[in-house]
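What's counted below: heavy atoms across the whole structure, side chains too, no hydrogens, waters or symmetry copies. Letters A, B, ... mirror the listed sequences (proteins, then strands); counts begin at 1. Nothing here was measured: the structure is a model prediction, and the numbers come from that model.
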Amino acid sequence: MSDYQVLNTRAPRVDGPAKATGQAKYTDDFKIPGMLYASILQSPVAHARILHIDASKARKLTGVKAVVTAREAGLIKYGVSPARYDETLFAHDKVRYVGDEIAAVAASDQDIAQEALSLIKVDYEELPAVFDMFEAMKEGAPQIHDEFPGNMNAEVHQEFGDTEAALRSCDLVVDHTFINKRQDAAFIEPHSCLAVFDHSGRLTLYTSTQVPHYVMRTVAMTLQIPVGNVRVIKPYVGGGFGPKCEATPLEMSCGLLSKVTGQPVKMTYSREQVFLHSRARHQFYAEMSLGVMKDGTMVALKNKAVLDGGAYTSFGIATVYYSGSLLGGPYKLKTMKYDGYRVYTNKPACGAQRGHGGVAHRACFEQLIDMTAEKLGIDPIDMRLKNIMTTGDITVNELDMSSLGMKECIEAIRSGSDWNNKKGKLPKGKGIGMACGFFVSGAGYPIYRSDTYHSTVVIKLSEDGGVANVMTGSAEIGQGSDTTMAMIAAETLGIKLKDVQVHSGDTDYSVDLGAYSSRQTLMTGHATKEAAEQVKSQIASHLSEELNVPVSSITFADGIVKFDGGPGNFEKLRSSYIKEHRGWMDPPTGEYLTFREAARMAYLKAGTIVGTGKYKPPRLGGSYKGAAVGTSPAYGCSAQIVEVTVDLETGQITIDRMTDAHDCGLAINRTSVEGQMQGSLSMGLGECLFEEVKFDSRGRVLNPSLGEYKIPTALDMPKVKSIIVESSEPNGPYGAKEVGEGAIMPTIPAILNAIYDATGVRVNELPATSERLFMALKDKSEAV
Amino acid sequence: MLLPKFDYHEPATLEDALRLLSEMGGNARIVAGGTDLLVRMKLKVEKPSHLISLRKIPRINVIIQRENHGVSIGAAVTAGELSTNELIMERFTPIGLAAARLGAPGIRNRATIGGNLVNARPAADLSPACMVLNASLKLKRSKNEREVPVNDFFRGPGETLIEPNEMLVSIFVETPPPWSGGAYIKLGSRKTLEISMVNVAVLLTLQSQNGPIVDAKIALGAVAPTPVRAFAAEEFLIGRQPSAKLFSEAGAIGVGMCEPITDHRGTMEYRCLMIETLTSRALNQAYQDAMTWKPLPV
Amino acid sequence: MKRIIKLTINGKTIEAAVSSNQTLLQFLREDMDLTGTKHGCGLGDCGACTVILDGKAVNSCLVLAVQADGSEILTIEGLAEDGKLHPLQQAFVDKGAIQCGFCTPGMILSAKALLDEKPNPSELEIRTAISGNLCRCTGYQKIVEAIGEAAEVVRMREES
Ligand SMILES: Cc1cc2nc3c(=O)[nH]c(=O)nc-3n(C[C@H](O)[C@H](O)[C@H](O)COP(=O)(O)OP(=O)(O)OC[C@H]3O[C@@H](n4cnc5c(N)ncnc54)[C@H](O)[C@@H]3O)c2cc1C
Ligand code: FES
Ligand code: FES
């Protein structure tokens with residue numbers, strides 16, 4: 001297919017064997033002599049003034065090594081975006097949700113740590129609380145943060161063109177409202193951290209995170225340790241999906257407790273604490289109007305969002321921007337207006353989750369397109385194709401679609417699912433639906449304002465020349481980034497994949513902003529490629545000198561070096577290599593010079609061969625307020641078709657088949673791309689049909705378990721047909737771009753459109769439970 | 001998640017177990033599969049100071065066929081065992097089907113029928129199945145034993161007739177007459193790992209392959225504080241000729257027996273409507289099963 | 001109160017003192033350093049802690065260590081033989097059935113218990129066998145494929 005040796009194949013993951021045998025170490029698997037166990041005291045009430053904290057009894061308990069509260073931790077404010085630092089490690093004046101952190105304990109074992117928590121006495125003066133975002137916006141609602149009157153955490157108002165006028169000029173305007181429910185990312189590995197503060201004043205955190213870099217900065221800031229003295233190491237991580245994208249109280253508490261006790265400190269959240277910490281998908285309310293012409297041409301989109309943010313900001317500023325900006329494509333619009341509001345409530349804070357900010361609004365919009373198409377009598381696919389953007393188009397909000405295989409995706413699923421023979425021809429109770437979506441391939445700007453590189457990578461060859469060590473701060477969290485970087489390095493160096501070793505997830509290795517906004521393949525990939533090119537050119541120039549051949553005649557591929565396409569004359573290199581390595585079991589053989597010999601020769605001339613690469617995107621996007629959010633060097637896109645069966649007597653929904661096409665640019669690893677696509681679909685299916693974090697009337701999570709918070713099981717997932725569409729992305733390394741998040745965009749609306757096709761009922765509130773659908777069916781039949 | 005501290009006992013005989021139970025009374029709990037008890041202990045809902053294990057007690061985990069007239073199921077027989085036992089599936093179908101829907105494989109390999117019944121959750125899978133089969137429970141204590149019909153056993157959520165010093169040792173079920181068929185339907189949101197929103201067990205007996213209904217038993221779970229029998233619907237069916245219409249009428253009558261609640265899994269209204277639909281469906285399935293009744297190969 | 005238990009783990013007989021309130025999962029991870037068995041919830045909901053106990057897949061977070069006395073246990077660490085991956089492990093690696101890997105040990109052991117009983121499972125039987133093992137990353141498809149492929153490899157191996 002392609003000319004690549006390594007890229008675009010189905011190479012097995014580099015970490016596969018370690019994970020398949022149980023050797024792969026995750027944070028909670030670590031144990032160090034002298035290690036203490038920590039635990040966090042969390043508020044049992046949703047909104048209260050803290051009158052007094054008495055930890056004296058806990059401190060006296062045998063086995064307790066330290067108890068820390070706001071008094072010890074200080075009141076340094078932190079958060080994700082410096083514009084909204086609204087959290088302190090421990091609550092001091094007020095608690096704002098059930099789960100707000102008050103104190104942490106380190107003890108010699110877990111039992112004692114737990115017991116100590118129960119001995120800490122906190123006097124609260126309960127305050128009225130508010131749990132509903134619309135209630136929170138009302139006058140007279142309880143105020144959660146003094147600095148943010150009306151509980152208004154963030155407001156966005158953007159308009160491109162005169163939307164009202166455009167809507168008036170349209171032949172048809174269709175409205176739709178939609179509401180999703182708060183989600184939990186439900187990664188299977190709960191957060192865990194092991195902190196080691198050593199005698200030289202250096203803090204090392206082993207932690208289950210997506211973003212070692214940001215954790216390092218935040219922990220250094222809040223614990224007042226020079227940032228160079230904080231090292232964050234990310235062992236294997238059991239999934240993140242967004243909520244592990246920021247420093248947690250768990251990490252800061254472990255760090256602080258280790259600093260205070262001088263001993264290593266470990267803490268792992270219980271599943272319930274994962275729910276309380278949250279930082280997962282917001283609840284979004286979407287209200288939209290789409291204006292079109294008779295022939296189906298889309299003209300204007302008006303979009304309003306209200307987000308239930310919970311008690312703190314977390315990623316929320318970006319989230320509320322994304323809900324608007326991510327509707328700019330993949331359809332051509334002439335005008336677009338967006339009003340977004342993120343509201344504080346007395347619940348755990350929401351943050352980023354796969355498809356950040358875009359998923360619910362995409363679901364609303366793609367339903368709206370189907371509704372409009374129906375009114376116009378146009379096939380939903382034709383309606384989309386009529387308005388589709390192609391490579392080179394720029395959205396109304398100035399996002400540059402530097403490559404876009406959207407049309408190809410739609411055509412692939414249309415034939416892949418046999419849409420033409422099914423749409424409109426299925427029996428009652430069976431339905432077919434489709435939807436599209438797109439997503440950034442790396443945020444255009446870091447979270448804090450800075451000119452920093454988004455990624456740097458170091459490649460260092462082993463002294464024998466046999467192994468290329470790729471050193472990066474990027475985060476392998478299951479998505480396969482280590483394998484991707486290994487493949488890019490191998491391809492670029494012209495060596496075999498097995499001869500690359502990736503060392504990742506360590507802030508001491510390099511700078512990398514981490515695994516969020518689907519950025520690593522593109523950004524870390526670029527830096528890896530550049531580092532490899534540097535290494536290669538060093539070797540080439542030493543070879544050229546040594547063998548007296550021009551650099552331009554030297555090529556590297558598959559572990560072999562060729563000179564003008566032939567073996568050249570390298571005998572003296574081989575014999576000296578073999579002499580140097582007498583007794584070794586694997587002397588270089590064959591008619592060509594090996595990379596290993598060439599690299600060894602370079603080492604002998606120049607010392608350790610090191611190459612470095614770096615990447616930061618060029619200045620992107622418009623100059624309006626908030627223009628940065630949504631910008632990216634590239635955009636991935638996808639289209640899906642879902643087929644469902646609805647049991648009309650119970651409302652139960654069975655997803656029979658899903659056909660999914662995604663444009664990821666060059667698929668670095670075809671198996672991993674499909675894996676991301678299929679994983680996205682299952683998360684989307686869960687959010688659509690089952691998932692909802694529920695609260696009681698006092699703000700306590702009703703279902704903080706994987707039994708009651710329902711993610712799809714193997715029996716809920718249908719067979720998925722995954723079709724990879726490969727455009728060539730000019731801004732991506734080897735033309736590659738994202739797949740990790742974009743693939744979730746169409747899932748919910750495709751399911752909902754299929755349900756409508758099966759039943760004639762529009763579900764505008766998630767999750768689409770059997771009860772919700774059944775009652776809607778009943779209302780509909782009673783109305784007739 | 002840590003378990004509170006307790007003492008663990010592993011008596012080797014039933015007598016020893018019963019003696020321990022009577023000595024320790026309310027401070028002790030029997031642990032069978034532990035899939036319910038250990039969860040409740042981790043959540044600090046229960047804090048017994050002694051656990052008495054059934055592991056070593058002989059024959060408490062076996063299914064014994066009693067000639068041809070019935071089967072005795074040891075209290076520690078697991079759901080996994082029940083769901084794969086051919087005799088149970090063939091003759092005591094609702095139990096087999098319900099066992100196959102309990103939790104997931106790993107849970108089924110531990111969860112016992114005794115634990116499920118004594119647990120007495122309104123949504124439990126095996127309770128309604130045992131009820132339509134008129135199972136009788138053998139309860140033992142140190143000095144004596146008694147037999148209690150499962151239909152009288154449940155008193156409320158988590159409450160049964162069992163005394164703290166009593167153990168459920170076995171469940172006896174009489175073989176349903178020829179031309180009997182059974183069904184079990186569970187409604188939840190996922191396809192597995194679900195606590196029922198509504199469940200229905202049915203046993204239907206025909207006079208002959210095409211004959212009228214001579215006996216009907218319907219039990220419903222998750223619709224009241226205990227699983228309940230739909231007596232009115234049962235009576236309505238007896239003596240009539242089976243038909244889809246008859247079954248849907250019976251479903252409507254079934255609703256009358258229930259007082260479901262609204263909770264975060266579902267509303268009262270939806271549950272009532274589903275009782276009707278699922279009862280009629282289960283009757284249809286049981287009818288199909290009854291019509292294909294065959295003598296067991298000897 | 002500690003009790004002495006004697007059991008076989010991955011073919012090795014072991015005697016150990018355990019507290020009665022220690023779960024089998026804690027015992028394996030903390031006392032035996034067999035950290036391949038994962039803790040995802042502690043309540044039987046996720047299957048990450050699945051091990052094979054006397055031939056059956058169980059959630060080790062809901063088994064007391066004392067209840068494993070006299071039993072035979074297989075954990076993920078005991079599956080590879082002579083440094084060679086078990087066909088299930090190999091198929092998981094080859095087919096892309098692993099992403100974050102946190103569900104993988106439990107998933108593989110549930111699959112192993114299935115293949116031991118049913119060497120030629122249908123897709124539905126495979127899906128049912130792993131229905132108590134939650135995976136948030138893969139959407140299960142490649143896992144189901146891997147188990148199907150491993151089943152074939154195992155069957156061929158037995159035949160030859
Ligand atoms: C993830 C998960 C999923 C589940 N799914 C379902 C489901 O789908 N449907 C369902 O019905 N249940 C479900 N359960 C609950 C539980 O598995 C069942 O109720 C199971 O049958 C309990 O049996 P056990 O042997 O594990 O009981 P244990 O936990 O050992 O005991 C439960 C209670 O019964 C008492 N007890 C047990 N045996 C005896 C006896 N012989 N005599 C007297 N008292 C006794 C114990 O003291 C304890 O109070 C689920 C549990 C989990 C963890
Ligand atoms: S940890 Fe045992 S099932 Fe989740
Ligand atoms: S691979 Fe991550 S949970 Fe399954």
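When heavy atoms are compared at a cutoff of 4.5 Å, B:S189 approaches chain A by way of both its backbone and its side chain. For a residue to count as touching a neighbouring chain, one of its non-hydrogen atoms must lie under 4.5 Å from one of that chain's; by this rule A:E272 does not touch chain B. Contact annotation for A:D696: neither backbone nor side-chain heavy atoms come within less than 4.5 Å of a heavy atom of chain B.
Open room surrounds NZ on B:K5; 12 or fewer heavy atoms of other groups in view lie less than 6.0 Å from it. Heavy atoms of other residues, nucleotides or ligands lying less than 6.0 angstrom from NZ of B:K47 number 12 at most. A:K694 NZ: more than 12 foreign heavy atoms inside a 6.0 Å radius.
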inquiry  = If you apply the rule side chain to side chain contact (heavy atoms under 4.5 Å, CB included), what do you find for A:E708 with B:R265, and how did you get there?
reply    = CA-CA 9 Å; A:E708 292 282 355; B:R265 294 198 191 102; 2.4 Å; yes

Practice problem: Show your working on side chain to side chain contact (heavy atoms under 4.5 Å, CB included) between B:M197 and A:S770 and close with a plain yes or no. | Solution: CA-CA 11 Å; B:M197 197 160 15; A:S770 56; 4.1 Å; yes

For this session: Please step through side chain to side chain contact (heavy atoms under 4.5 Å, CB included) for the pair B:L273 and A:M775, ending with a clear verdict.
Result: CA-CA 10 Å; B:L273 291 164; A:M775 290 306 185; 3.9 Å; yes

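Between atom OG1 of residue B:T277 and atom CG of residue A:L648 there is a gap of 11.0 Å, rounded to the nearest 0.5 Å. Atom-to-atom distance recorded for A:Q114:CD and B:L2:CG is 6.0 Å, nearest 0.5 angstrom. Atoms OG and CE, from A:S705 and B:M1 in turn, are 9.0 Å apart once rounded to the nearest 0.5 Å.
Proximity of a side-chain donor or acceptor of B:Y270 to a complementary backbone N or O of A:T650 within less than 3.5 Å is detected. B:R190 places a side-chain N or O within 3.5 Å of a backbone atom of A:I711 that can act as its donor or acceptor partner.
A salt bridge does not link B:R271 to A:E771: none of the charged nitrogens lies less than 4.0 Å from a carboxylate oxygen. Between A:D647 and B:R281 a salt bridge is recorded (basic side-chain N to carboxylate O distance below 4.0 Å). Using a cutoff of 4.0 Å between basic side-chain nitrogens and carboxylate oxygens, B:E194 and A:K710 are scored as salt-bridged.
The shortest side-chain heavy-atom distance between A:K778 and B:E269 falls under the 4.5 Å cut-off.
Among all heavy-atom pairs drawn from B:K191 and A:L715, the shortest one is CG-O, 3.7 Å. The nearest pair of heavy atoms linking A:E649 to B:M274 is O-CE, 3.4 Å.
With chain B as partner, the option from A:T654, A:I653, A:N703 having the largest number of non-hydrogen pairs under 4.5 angstrom is A:T654.
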